[in-house]
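These figures come from a predicted structure and were not determined experimentally. We're numbering straight along the sequence, starting at 1. Just so it is clear, the values below take in all heavy atoms, side chains as well, and ignore hydrogens, waters and symmetry mates.
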Amino acid sequence: MDDKDGYISTEVLIEDLQRVGDIVRRPPKTKDITKYGNFSYTTYKSRFGGIVEALSEAGYNASDRFTGGWVSRDDLLSDIKSVADSVDRLPRVTDLEENSEYRYSKYRSEFDHWYDLLDEAGVKGKFVENRHGHLDDKLLTNIQNVGNKIGRIPTTTDLNEYGDYTASVYVRNYESVSIAVALAGFDVEPEIPTRQISDGELLSSISGVTDCINHPPTTTEYNEHGDHAIATISQRFGSWTNAVHTATGEVPTNNRILTDQDLITDLRSVSAQLMKSPQTQDIIDYGEHSYNTYIEHFGSWENTLDIADIPASNDPEDTDVRAITWHVIWLLNYIGDIPRAEEIEDHHPVMYKQCCEQYDDWESAVTAAQRTVSNILD
């Protein structure tokens, strides 16, 4: 606050927006502001005219960053109102394909769930007053009928047993049963379990990022522009490459021939990130390339690690001295600091001995580790 009357200065708003940006490490979205900020989205809209303008004032090149791919919250609210007018009832997720200007993934990245969107847009109250009111909507009317029949709030089991439509129909159209029941006028907390994120939603999000940057995204690019966790996508489709190929028909290599060095760099990046020797599941969860791609290039996983100079074991005693650099990298990343040689000799005598054998002293081993990480980042 800037004065005793409670006025919030522009400088305070910008500083808080920059603080949120530092937390999420990118230009903050509305959900980031709501989660981490001290001021609401509407405060920024009132002061600056919109979130893009606020981001620009905070030093983010929002226009260039989001060209072709970013849609404002107001754009989405206006669009869903148009969808409601077109279908003349509460909009469903499945209505977007034929009636909306935007992909479903755009809505999911901006709003917590479907109920939140309809409520903020003001269309929920337009069609639903209470569970006894008239609804020209067979799906929501079915929920009301089931509730009236059993004399309580319907559950997933109740809908499957007594309703004309199964619970899966409501998940497909409203994201979850609880959201559908709330929209039908019952007093329940609308929520969407994360496990209900569909394959189609994940693929749609990848396609949206592809449209935005004009080529299939790498994991780094998707983390910057996408809506979901890389690990979730990789686990669902077997690898990041498989997911991108399924969504776009292409692979995320930016039209380059995939070289051995590309694979080694990716593998080293995963190892530095996880602070251990990467295993098959680590490549699926965090790598840009599939496990099978490594095998096709290098013949076996053991040979892959050997060529990348990454130790197969997480125990320094089982490690070839030439790969001791990675144990230094993992240790430095873990403790977040550079310990003195005496501390290493006391607490990690095997590692200290191997460092001295390979690099003459601890300081030289640290320098080699830093250089290796620098090469990965470059």
Side-chain angles (χ1 to χ4, degrees), residues 24-27 29 31 64-71 93 96-97 100-110 172 175 192 194-274 278-298 301 304 308 310 376-378:
V24 299
R25 299 184 180 181
R26 54 171 166 73
K29 299 179 180 180
K31 289 204 306 187
D64 291 342
R65 178 100 172 197
F66 296 112
T67 296
W70 186 75
V71 181
V93 173
L96 296 181
E97 185 174 355
S100 173
E101 295 183 27
Y102 308 114
R103 297 174 183 270
Y104 171 56
S105 59
K106 298 295 184 185
Y107 286 98
R108 283 292 291 122
S109 66
E110 188 65 31
R172 186 165 62 251
E175 296 184 329
I192 174 172
T194 54
R195 62 181 175 79
Q196 289 184 352
I197 298 175
S198 67
D199 290 358
E201 182 182 344
L202 297 176
L203 295 175
S204 177
S205 180
I206 295 173
S207 297
V209 174
T210 300
D211 291 343
C212 178
I213 63 177
N214 296 318
H215 63 260
T218 63
T219 54
T220 300
E221 291 168 331
Y222 184 83
N223 276 331
E224 183 174 343
H225 299 282
D227 308 324
H228 306 290
I230 294 294
T232 299
I233 296 174
S234 297
Q235 288 170 353
R236 190 74 61 83
F237 295 95
S239 72
W240 174 249
T241 300
N242 289 345
V244 173
H245 186 267
T246 302
T248 68
E250 303 177 65
V251 293
T253 55
N254 295 329
N255 296 322
R256 295 183 294 105
I257 296 175
L258 192 61
T259 67
D260 288 357
Q261 189 57 48
D262 290 329
L263 294 171
I264 289 173
T265 299
D266 182 47
L267 187 62
R268 288 175 172 173
S269 177
V270 171
S271 181
Q273 178 183 353
L274 299 182
Q279 305 301 310
T280 303
Q281 191 61 43
D282 299 325
I283 294 303
I284 292 174
D285 290 349
Y286 301 98
E288 291 191 4
H289 310 292
S290 70
Y291 173 79
N292 288 338
T293 301
Y294 284 97
I295 303 305
E296 290 172 2
H297 274 250
F298 301 112
W301 187 243
T304 300
I310 297 177
I376 293 172
L377 296 177
D378 291 341

Note: V93 and R172 closest approach over all heavy atoms is CB-O, 3.8 Å

Can you name the nearest heavy-atom pair linking A247 to S207, along with the distance?
-> O-OG, 3.4 Å

Could you tell me which residues satisfy side chain to side chain contact (heavy atoms under 4.5 Å, CB included) with T210, sequence neighbours excluded, listed by chain and number?
-> I206, P217, T248

With sequence neighbours left out, the residues meeting side-chain hydrogen bond (donor to acceptor under 3.5 Å, both in side chains) with T304 are none

What's the verdict on side-chain contact (heavy atoms from CB on, under 4.5 Å) for F298 and L267, showing C-alpha distance, side-chain angles and the deciding distance?
-> CA-CA 13 Å; F298 301 112; L267 187 62; over 6 Å; no

Apply the test side-chain contact (heavy atoms from CB on, under 4.5 Å) to residues Y222 and V244: give CA-CA distance (whole Å), side-chain angles for both, the deciding distance (0.1 Å), then the verdict.
-> CA-CA 10 Å; Y222 184 83; V244 173; over 6 Å; no

Do any N or O atoms from the side chain of Y294 and from the backbone of L263 form a donor-acceptor pair under 3.5 angstrom?
-> yes

